[in-house]
A.B. asks: 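This is the structure I want to talk about, given as structure tokens.
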Amino acid sequence: MTQSETDTTAIRLQNVLYRFNADAPVVLDVPAWEVPRREKIFLQGESGSGKSTLLALLAGLQTPSSGEVTILGTAMSALSSRKRDRFRAQNLGVVFQQFNLIPYLSVLDNVLLAAKFGETAAAATKQRAIELLQRVNLPCDLHQRKAAQLSIGQQQRVAIVRALINSPSLLLVDEPTSALDHANRDAFLTLLFDVLAERDCAMVFVSHDPAIGQYFHSKVRVSDINRAETVG
Ligand code: ADP
Ligand code: MG
């Protein structure tokens with residue numbers, strides 16, 4: 001068993017500082033933060049409080065100016081950027097604020113593209129993608145439709161399926177509900193928890209919207225963990 005399998009934390013930050021460049025102000029100053037495996041956390045903070053930047057560090061898309069980010073027992077700084085990409089593909093699911101679907105690819109191909117780095121056989125992966133899409137109320141007749149021709153709510157569900165296709169141990173979600181009305185937001189969150197209930201997956205869900213906290217047992221404010229003075 002590797003260390004990453006025995007470590008009981010999904011996320012560990014130690015003395016993390018982040019600035020966008022040497023002259024820029026410190027955006028993140030997180031002395032210590034831990035999220036246990038399987039825990040689902042709501043991280044609430046105002047616009048400009050550093051939520052998206054923090055998720056980029058957790059995903060290994062950015063590296064801290066100093067300090068250590070450890071994800072699933074793996075110190076991200078020990079990995080080359082290429083190995084970080086592979087680590088992300090194999091262990092993490094990321095849903096960005098803008099979904100980042102490829103507009104001219106079909107629903108199914110958007111999901112399968114993310115599965116490319118996965119180790120499972122192609123036919124089995126395709127079957128899993130189809131099942132997951134159906135699971136989030138995207139029926140088969142939508143699977144060949146181009147992503148550009150979907151509603152926002154449908155795109156959001158494709159993005160979730162894409163993030164889950166490699167069965168991640170940690171799901172990072174960046175306020176995907178900001179473009180939705182309340183009814184659709186609530187339906188989406190119910191569906192998300194439904195899909196996650198069958199999985200041993202930790203999640204960090206960030207949003208400026210405190211109302212989303214009602215869906216979570218664990219709630220954290222960005223200002224509780226980030227000492228940096230940030231302005232939106
Ligand atoms: P949030 O996601 O909570 O709205 P962000 O993480 O996007 O906050 O931004 C945190 C702070 O970092 C803000 O002050 C923002 O202006 C600044 N920032 C974000 N992206 C960049 C960038 N690429 N270069 C410089 N500053 C940035
Ligand atoms: Mg943001």
Side-chain angles (χ1 to χ4, degrees), residues 10-35 39-71 76-77 81 84-85 88 92-103 114 152-153 155-160 162-164 168 170-182 184-186 188-189 192 196 202-216 218-232:
I11 296 170
R12 178 180 298 129
L13 265 58
Q14 292 160 292
N15 301 318
V16 166
L17 284 182
Y18 184 79
R19 37 166 64 96
F20 279 93
N21 59 63
D23 306 323
V26 171
V27 172
L28 293 174
D29 175 359
V30 184
W33 187 43
E34 285 195 8
V35 177
E39 184 114 315
K40 291 157 183 71
I41 289 216
F42 176 57
L43 184 60
Q44 192 266 333
E46 303 308 310
S47 176
S49 60
K51 302 183 296 297
S52 295
T53 309
L54 178 62
L55 288 190
L57 291 186
L58 299 179
L61 294 163
Q62 303 282 352
T63 49
S65 309
S66 61
E68 191 58 80
V69 175
T70 307
I71 303 294
M76 298 302 266
S77 64
S81 78
R84 272 205 310 275
D85 288 346
R88 183 183 322 114
L92 306 185
V94 187
V95 180
F96 297 100
Q97 206 161 357
Q98 304 304 331
F99 310 142
N100 293 358
L101 299 180
I102 299 180
I152 295 289
Q155 289 180 40
Q156 177 189 49
R157 283 175 275 149
V158 177
I160 288 289
R162 186 183 55 180
L164 291 175
L170 173 61
L171 183 63
L172 304 171
V173 187
D174 195 349
E175 38 194 340
T177 53
S178 46
L180 298 182
D181 57 48
H182 284 188
N184 277 309
R185 180 195 70 192
D186 293 343
F188 170 73
L189 282 156
L192 178 61
L196 289 179
M203 171 166 68
V204 176
F205 188 115
V206 308
S207 176
H208 69 279
D209 180 3
I212 292 173
Q214 66 184 297
Y215 288 88
F216 290 78
S218 304
K219 289 168 266 221
V220 179
R221 288 184 48 87
V222 176
S223 55
D224 294 337
I225 62 168
N226 181 19
R227 295 191 304 197
E229 292 285 327
T230 48
V231 232

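Please read all numbers here as calculations on a predicted model, not as lab measurements. Whatever order the structure lists ligands and atoms in, that order sets their numbers, starting from 1.
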A.B. asks: Quick one: does N226's side chain have a donor or acceptor within less than 3.5 Å of a partner on V27's backbone?
C.D. replies: yes
A.B. asks: Compare L28, V26, T53 and give the one whose heavy atom is closest to atom 9 (O) of ligand 1.
C.D. replies: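 Going through L28, V26, T53 one by one, T53 has the nearest heavy atom to atom 9 (O) of ligand 1.
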A.B. asks: Let me know which of L13, L28, I11 forms a side-chain contact (heavy atoms from CB on, under 4.5 Å) with L57.
C.D. replies: L28
A.B. asks: V26 versus R227: any side-chain heavy-atom pair under 4.5 Å?
C.D. replies: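 Counting from C-beta outward, V26 and R227 never come under 4.5 Å.
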A.B. asks: I'd like to check L171 versus L192 (side-chain heavy atoms, cut-off strictly below 4.5 Å). Are they in contact?
C.D. replies: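 A side-chain contact exists here, since the closest heavy-atom pair is under 4.5 Å.
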A.B. asks: If the contact criterion is a heavy-atom separation under 4.0 Å, does A24 count as touching ligand 1?
C.D. replies: no
A.B. asks: Output, by chain and residue number, all protein N/O/S atoms separated from the Mg ion (ligand 2) by less than 2.8 Å.
C.D. replies: S52 OG
A.B. asks: Applying side-chain contact (heavy atoms from CB on, under 4.5 Å) to V204 and V173, what does each step give before you reach the verdict?
C.D. replies: CA-CA 6 Å; V204 176; V173 187; over 6 Å; no
A.B. asks: In terms of atom number and element, which parts of ligand 1 are under 4.0 angstrom from non-hydrogen atoms of V27?
C.D. replies: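 Atoms satisfying the 4.0 Å criterion: 10 (C), 11 (C), 12 (O).
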A.B. asks: Answer with side chain, backbone, both or neither: which part of E46 has a heavy atom less than 4.0 angstrom from an atom of ligand 1?
C.D. replies: backbone
A.B. asks: Is there a donor-acceptor contact under 3.5 Å from the side chain of R162 to the main chain of F99?
C.D. replies: yes
A.B. asks: Show the nearest heavy-atom pair for residues K40 and F216, with the distance to one decimal.
C.D. replies: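 Where K40 meets F216 most closely, the heavy atoms are O-CD2, 3.7 Å.
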A.B. asks: Please list all pairs passing the salt bridge (charged side-chain N to carboxylate O under 4.0 Å, His left out) test where one or both residues lie in residues 44-58, with sequence neighbours left out.
C.D. replies: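 Qualifying pairs: K51-E175.
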A.B. asks: Contact between ligand 1 and G45 is defined here as a heavy atom of the residue under 4.0 Å from a ligand atom; is it met?
C.D. replies: no
